[in-house]
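Since the structure is predicted, the reported quantities are computational estimates derived from the model, not experimental observations. Excluded from the calculations below are hydrogen atoms, water molecules and symmetry mates; all remaining heavy atoms, backbone and side chain alike, are included. Chain letters run A, B, ... following the sequence lines, proteins first, then strands; residues in each count from 1.
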Protein chains: 2
Amino acid sequence: MRTEVVSPVSRRSGILEFAVLGLLRESPMHGYELRKRLNTSLGVFRAFSYGSLYPCLKTLVQQGWLAEEPGHHPADPRAAAPLSNRRAKIVYRLTAEGKERFEELLDQTGPDAWEDEHFGVRFAFFGQTSRDVRMRVLEGRRSRLEERLAKMRASMARTREKLDAYTLELQRHGMESVEREVRWLNELIESEREGRDQRDQRDDRDLTREREWPPSDDTTT
Amino acid sequence: MRTEVVSPVSRRSGILEFAVLGLLRESPMHGYELRKRLNTSLGVFRAFSYGSLYPCLKTLVQQGWLAEEPGHHPADPRAAAPLSNRRAKIVYRLTAEGKERFEELLDQTGPDAWEDEHFGVRFAFFGQTSRDVRMRVLEGRRSRLEERLAKMRASMARTREKLDAYTLELQRHGMESVEREVRWLNELIESEREGRDQRDQRDDRDLTREREWPPSDDTTT
DNA sequence: TCAGGATGTATCGCACCGATACATCGGGAC
DNA sequence: GTCCCGATGTATCGGTGCGATACATCCTGA
């Protein structure tokens, strides 16, 4: 059965939803900037496009998790320029319900959080979770990778001699990559376990850590 | 302009098409087996589903690149015939035109061949290409990754101090992965250059290397 | 003996991508 | 001065491929 009740808005995946809520938690943003952040901060593995983002934003507003704000947003120093007919820039802000929603998603540690497409984004927001959740996600990811490793080894044992050198090399390299990620996870898990990482000594209350998103040195003009 | 004329069947991507043609070149297969091979031999990075495979097969047959073989009852999927329908196993065979088509695709060394989704599959069929093509694809891939690396470095330099430890660690790990792949590519390129790999001394004529893909024990029926 | 798994074909909904359209703005070339 | 180009900005369309599922047959083992 396992209905899970993952999400009313997008039954599956919803990873974009998660990322958007998470980013907007720090500060309100408009679509363009959101998309840029989506493809740098979280980037590397994941890249979202406008074709995904805008429909997603629309849905989130409908759900009441985001609110649209008019004109120019407060965090932008240059926005002081008050040419009255500024282009209709839509700034999205996280509502209280949206915050709740994000919290709820953050706590989910089911298989979804371990999948390739999800894990990177989940990890990027680890700073806003409890250690408990972090551990579950990391360990879930690791066991998922180990399953995969086992399958690959079995498959290779079965077909090794039938494959040409390139196919073999591809598989070898693939396995090595997965093994490396497992080692990486091991280190992270160990690190969490030891509490060596001091940043979360103050419990999981250090959400919205006041990053002081800076206007400071951007006065190059 | 650069119209490219990549493909009439699926304007973009077509990576599945490529993989199917390539696999069927070795020997005829039916869908189920094809899909298994798709997710093991080529696997690791790519995983195709029936939802992609069957429509693709249909299209390829329409193009005349594949031919359906026996299986008693060739078509009529929604057959009203309720009983005693011996399972219609559809075996697909590469036609002469299909072979040509694959050859044509093999020779393409444009950006498409370097993308994440394509490269793995292209690499898996390197054994059927000329060294020339291999070099172009490998070098293309490498420069694509180096671009990405440059972007990541720039982005990190810009935002380093604003990010929390987890985001930072994610980026670091991502960069390291990419760097590793570059090193891997370097080795491969070097290896190709030296001709250390003996398998292709006999020019690019060693296509269809007669793998002796064994039908031997398949007489279970 | 019959449940459950592997084999086998096929489709539906939809998430997400890539390209594109359209508009404003700032700055550099000339 | 002005003109073009790239960055900023919102938005949609067509399409690929995924995940789940439906259905049927064959094989194996408690």
Side-chain angles (χ1 to χ4, degrees), chain A residues 2-4 6-7 9-20 29-36 38-39 46-59 61 68 71-73 76 78-79 81 83 85-92 111-112 115-118 121 220-221, chain B residues 2 6-7 9-20 29-36 38-39 46-59 61 68 71-79 81-92 111-112 115-118 121 218 220-221:
Chain A
R2 187 166 305 282
T3 328
E4 273 281 4
V6 172
S7 157
V9 60
S10 55
R11 196 156 55 276
R12 223 178 358 269
S13 192
I15 189 59
L16 180 52
E17 173 196 348
F18 180 85
V20 166
M29 264 182 277
H30 50 93
Y32 188 81
E33 166 118 33
L34 214 33
R35 199 252 185 178
K36 257 198 312 182
L38 240 20
N39 296 323
R46 266 328 223 136
F48 297 100
S49 68
Y50 292 131
S52 314
L53 179 58
Y54 281 109
C56 175
L57 285 172
K58 199 182 293 179
T59 311
V61 168
E68 295 180 358
H72 33 283
H73 64 130
D76 192 345
R78 298 169 311 172
L83 283 185
N85 251 350
R86 281 187 76 83
R87 181 161 67 268
K89 192 194 257 186
I90 306 177
V91 176
Y92 296 91
D112 275 357
E115 297 307 317
D116 295 327
E117 330 86 56
H118 294 60
V121 178
T220 38
T221 25
Chain B
R2 185 165 306 282
V6 171
S7 160
V9 61
S10 54
R11 195 155 56 276
R12 224 181 354 270
S13 191
I15 189 58
L16 180 52
E17 173 197 347
F18 180 86
V20 166
M29 264 181 276
H30 51 93
Y32 188 81
E33 166 120 34
L34 214 33
R35 199 251 184 177
K36 257 197 313 186
L38 239 21
N39 296 322
R46 265 330 223 133
F48 297 100
S49 68
Y50 292 131
S52 314
L53 178 58
Y54 282 109
C56 175
L57 285 172
K58 198 182 293 180
T59 311
V61 168
E68 296 179 356
H72 305 282
H73 297 310
D76 203 1
R78 276 275 161 257
L83 292 180
S84 78
N85 224 357
R86 259 194 99 76
R87 181 156 76 264
K89 190 195 263 191
I90 307 175
V91 176
Y92 295 91
D112 275 357
E115 298 306 319
D116 295 326
E117 331 85 57
H118 294 60
V121 177
D218 217 4
T220 38
T221 28

Trainee: Roughly how many Å is it from CZ in F18(A) to C1' in dC16(C), rounded to a whole number?
Mentor: 18 Å

Trainee: Specify the separation, in whole Å, of atom CD of E117(A) and atom C1' of dC17(C).
Mentor: 14 Å

Trainee: Look at the side chain of K89(A) and decide which nucleotide, out of dC16(C), dG19(D), dG9(D), has an atom nearest to it.
Mentor: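 The closest nucleotide is dG9(D).
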
Trainee: Check the distance between dG17(D)'s C1' and L16(B)'s CG and give it to me in whole angstrom.
Mentor: 8 Å

Trainee: Would you name the heavy atoms of E117(A) and I15(A) that are closest together and state the gap between them?
Mentor: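 Looking at all heavy atoms of both residues, the shortest contact is O-CG1, 3.9 Å.
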
Trainee: Taking only side-chain nitrogens and oxygens of Y50(A), does any of them come within less than 4.0 Å of OP1 or OP2 of dA11(D)?
Mentor: no

Trainee: Report for the helix from dT1(C)-dA30(D) to dC30(C)-dG1(D): angle between first-end and last-end helix axes, five pairs each, rounded to 10 degrees.
Mentor: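 Inter-axis angle at the ends, rounded: 30°.
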
Trainee: Quick check: closest heavy atoms across P55(B) and G51(B), and the distance to 0.1 Å?
Mentor: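 So the two residues come closest at CG-O, 3.3 Å.
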
Trainee: What is the distance from CD of E33(A) to P of dT10(D), rounded to the nearest Å?
Mentor: 10 Å

Trainee: From the list dC16(C), dG9(D), dG17(D), which nucleotide is the closest neighbour of the side chain of S52(A)?
Mentor: dC16(C)

Trainee: Do you know which two heavy atoms are closest between Y32(A) and Y54(A), and how far apart they sit?
Mentor: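 In terms of heavy atoms, the two residues are closest at N-OH, 3.9 Å.
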
Trainee: For dT9(C), take OP1 and OP2 only and decide whether either is under 4.0 Å from a side-chain N or O of Y54(B).
Mentor: yes

Trainee: Given that P55(B) and H30(B) both sit by DNA chain C, which one's nearest nucleotide is further toward the 5' end?
Mentor: H30(B)

Trainee: Nearest whole Å is fine: how far is dA7(D) P from Y32(A) OH?
Mentor: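 About 8 Å, once rounded to whole Å.
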
Trainee: Rounded to whole Å, please give me the gap between CE in M29(A) and P in dT10(D).
Mentor: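 The distance from CE of M29(A) to P of dT10(D) comes to 12 Å, rounded to the nearest Å.
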
Trainee: Search all heavy atoms of L38(B) against all heavy atoms of A19(B) and return the closest pair with its distance.
Mentor: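 Shortest heavy-atom separation between L38(B) and A19(B) comes out as CD1-CB, 3.8 Å.
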
Trainee: Let me know the distance between CG of L57(A) and C1' of dT12(D), rounded to the nearest Å.
Mentor: 14 Å

Trainee: Can you see which heavy atom on F48(A) is nearest to which on N39(A), and at what distance?
Mentor: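 In terms of heavy atoms, the two residues are closest at N-OD1, 2.9 Å.
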
Trainee: Looking at K58(B), does any N or O in its side chain come under 4.0 Å of the phosphate oxygens OP1/OP2 on dT11(C)?
Mentor: yes

Trainee: Evaluate the criterion side-chain contact (heavy atoms from CB on, under 4.5 Å) for residue pair Y92(B) and M29(B); output intermediate values, then yes/no.
Mentor: CA-CA 5 Å; Y92(B) 295 91; M29(B) 264 181 276; over 6 Å; no

Trainee: Taking the side chain as every heavy atom from C-beta outward, state whether L57(B) and L34(B) have any pair of such atoms under 4.5 Å apart.
Mentor: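 Yes, their side chains come closer than 4.5 Å.
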
Trainee: Please work out if G51(A) contacts a base, only the sugar-phosphate, or nothing of the nucleic acid, heavy-atom cut-off 4.0 Å.
Mentor: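 Answer is base: heavy atoms of G51(A) come under 4.0 Å of a base.
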
Trainee: Could you give the NE2-to-C1' distance, from H118(B) to dT16(D), as a whole number of Å?
Mentor: 10 Å

Trainee: Starting at the 5' end of DNA chain C, which residue's closest nucleotide do you reach first, K36(B) or Y92(B)?
Mentor: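 Its nearest nucleotide being more 5', the pick is K36(B).
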
